[in-house]
Amino acid sequence: MATPVEVPKLGNTVEECLISRWVKHKGDAVTAGDLVAEIETDKATFELTAPVDGTLLETYFDEGALVPVFTTLFVVGAPGETVNRISGTGSETSAPPSRGISLPVPEMPPAEKPRPATTNLSPRARRFAAEHNLDARAVTGSGPNGRVLESDLRRLHTAAPPKPARASNIRDRIARRMRESLSSTAQYTLHTSADATGLLALRARIKTTPSLTAININDLVTYCAIDALLDVPSLNAVYIDGQIHEHSDVHMGFACDTPRGLLVPVIRNAHLLAIDELALRAKELAAQAVAGNISPDDLTGATFTISNLGNLGIESFTPLLNPPQVAILGVGAIQLKPVRRHGQVAFVDAIGLSLTCDHQAIDGAPGARFLQVLRDRIETVESLCPL
């Protein structure tokens with residue numbers, strides 16, 4: 001009996017996947033566990049394998065197509081077995097494979113056919129059109145009075161001539177998110193620095209302890225930021241529909257450079273982790289992000305984010321918010337800096353700190369207070385992280 005394989009639900013926020021590559025093709029023999037196709041979310045790549053031995057009887061989408069989750073992608077069965085089109089729910093239908101082509105709406109007398117209009121879109125259809133840069137003016141909707149539904153646009157999008165398979169569609173998502181960030185918030189950035197003498201001394205001691213060598217400067221700064229957020233919870237918040245929602249739990253996001261672009265893994269309940277546990281979890285998530293197999297659920301839900309460009313020699317920068325979060329911390333390089341001490345000029349190792357906030361939710365004074373607390377935590381890190 002033919003066995004259909006659907007596009008899986010790869011996390012709570014994933015509604016569709018891109019077919020990036022067919023490894024097997026219609027008519028190929030497969031063994032249970034063989035890689036059949038690679039699919040992408042906007043953040044990670046996943047593999048779909050054959051569930052049983054047999055022949056790949058049918059594939060329903062081309063490379064480059066965007067396919068909703070729970071839609072049948074391919075069917076495996078006995079050689080020569082005939083299969084009808086299988087719907088997204090797994091039930092068979094006698095209709096031929098549509099390859100994503102838009103289904104006709106019920107026929108109406110010519111005078112009564114609804115006239116397509118961009119104002120006759122459902123809210124979800126309007127959002128889908130904006131996200132996928134679709135022109136919905138030529139679409140005759142299948143909803144009441146010709147209302148264009150999201151499903152109509154999904155069929156249109158899938159039926160469009162396939163685009164060449166890309167390594168990732170994440171670049172589009174990053175660009176859109178950054179535009180949304182700037183257009184929907186009132187961002188300002190505060191810059192300061194902290195004496196990094198204690199950071200460097202603690203890191204030197206860590207290097208001599210085999211069980212702790214995975215802890216780096218960024219882990220220590222993140223640990224300090226988590227503690228500062230517990231003292232200044234107004235920055236551990238999200239701003240949604242004009243309402244500020246503070247969180248008692250710290251879910252720390254951190255910017256991660258990957259071959260597919262910028263990703264922000266999230267360390268959940270980071271305030272409950274010891275410094276070595278925090279460092280280990282960060283490295284696990286970063287490795288998954290770089291490999292492209294991180295769970296989409298591990299890329300959502302942050303209440304605060306840190307972006308560290310210090311290892312690239314950047315002294316200060318303006319990090320962009322990741323809405324609905326109200327703040328993001330940029331960490332710069334450690335540089336020698338002249339300071340006045342007891343009427344004398346001394347040179348200290350200082351680490352750059354740049355805090356961007358949404359003025360809709362955070363005024364300048366609370367942002368400055370957070371940096372003040374963070375600076376204190378960094379400069380007393382040896383007592384904050386006794387090892």
Side-chain angles (χ1 to χ4, degrees), residues 174 178 181 187-207 212-229 232 235 250 252-259 261-267 270 273 275-276 278-287 289-290 302 304-322 325 327-339 346-357 367-368 370-382 384-385 387:
I174 293 173
M178 293 301 97
S181 172
Q187 301 188 25
Y188 68 90
T189 303
L190 303 174
H191 301 280
T192 189
S193 61
D195 188 336
T197 303
L199 276 176
L200 295 174
L202 182 57
R203 175 62 179 144
R205 292 209 309 274
I206 287 172
K207 286 182 177 180
L212 300 177
T213 53
I215 302 173
N216 57 32
I217 292 291
N218 189 59
D219 298 323
L220 295 172
V221 173
T222 301
Y223 191 80
C224 293
I226 293 167
D227 197 70
L229 287 170
V232 191
L235 273 74
V250 180
M252 180 61 74
F254 63 95
C256 181
D257 184 29
T258 79
L262 174 68
L263 296 180
V264 184
V266 181
I267 304 172
L273 302 179
I275 180 60
D276 55 333
L278 180 74
L280 178 61
R281 183 58 178 156
K283 286 167 180 57
E284 289 175 347
L285 290 171
V290 170
F304 188 87
T305 296
I306 290 181
S307 178
N308 191 331
L309 295 178
N311 63 325
L312 298 176
I314 302 302
E315 298 179 28
S316 66
F317 60 103
T318 303
L320 295 185
L321 287 172
N322 187 17
Q325 296 167 45
I328 179 173
L329 177 69
V331 180
I334 296 177
Q335 300 282 338
L336 276 178
K337 177 182 178 180
V339 298
F347 285 87
V348 300
D349 286 302
I351 186 168
L353 303 171
S354 302
L355 179 72
T356 296
C357 298
F370 171 79
L371 282 178
Q372 187 179 50
V373 173
L374 176 59
R375 185 169 58 243
D376 176 72
R377 296 298 189 274
I378 290 174
E379 294 178 351
T380 59
V381 67
E382 291 175 286
L384 184 65
C385 302
L387 298 174

- [ ] Taking all heavy atoms of T258 and all of A289, pick out the closest pair and write down the distance.
- [x]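 Reported closest heavy-atom pair: CG2-O, 3.7 Å.
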
- [ ] State, to 0.1 Å, how close A327 and C357 come at their nearest heavy-atom pair, and which atoms those are.
- [x] CB-SG, 4.2 Å

Rounded to the nearest 0.5 Å, how far apart are [atom1] of [X] and [atom2] of [Y]?
X: D276; Y: T213; atom1: CG; atom2: OG1; value: 11.0 Å
X: N322; Y: M178; atom1: CG; atom2: CE; value: 6.0 Å
X: E379; Y: I351; atom1: CD; atom2: CD1; value: 11.0 Å
X: R377; Y: L384; atom1: CZ; atom2: CG; value: 7.0 Å
X: Q325; Y: L235; atom1: CD; atom2: CG; value: 11.0 Å
X: I275; Y: I206; atom1: CD1; atom2: CD1; value: 7.0 Å

Side chain proximity check, [X] to [Y], heavy atoms < 4.5 angstrom:
X: I328; Y: I306; value: no
X: I226; Y: L273; value: no
X: N218; Y: N311; value: no

Task: Contacts of F254 that satisfy ring pair (Phe, Tyr, Trp, His ring centres under 6.0 Å) - sequence neighbours left out - done: none

TODO: Kindly indicate, with the supporting measurements, whether the criterion side-chain contact (heavy atoms from CB on, under 4.5 Å) is fulfilled by V221 and N308.
DONE: CA-CA 10 Å; V221 173; N308 191 331; 5.8 Å; no

TODO: Evaluate the criterion side-chain contact (heavy atoms from CB on, under 4.5 Å) for residue pair T356 and L320; output intermediate values, then yes/no.
DONE: CA-CA 7 Å; T356 296; L320 295 185; over 6 Å; no

Enumerate donor-acceptor pairs with a distance under 3.5 Å from any side-chain N or O in residues 191-201 to protein atoms, sequence neighbours excluded.
| unit_1 | atom_1 | unit_2 | atom_2 | d |
| --- | --- | --- | --- | --- |
| H191 | ND1 | S354 | OG | 2.8 |
| T192 | OG1 | R375 | NH1 | 3.1 |
| S193 | OG | K337 | NZ | 2.5 |
| D195 | OD1 | T197 | N | 2.9 |
| D195 | OD1 | T197 | OG1 | 2.6 |
| D195 | OD2 | R341 | NH2 | 2.7 |

Task: Main-chain N/O of C224 paired to D227 side chain as donor or acceptor, under 3.5 Å - done: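 Side chain of D227 to backbone of C224, a donor-acceptor pair under 3.5 Å: no, none is there.
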
Open item on the list: Strictly distance-based, threshold 3.5 Å: is any side-chain N or O of R281 a donor or acceptor partner for the main-chain N or O of V266?
Closed with: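 No: the side chain of R281 does not pair with the backbone of V266.
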
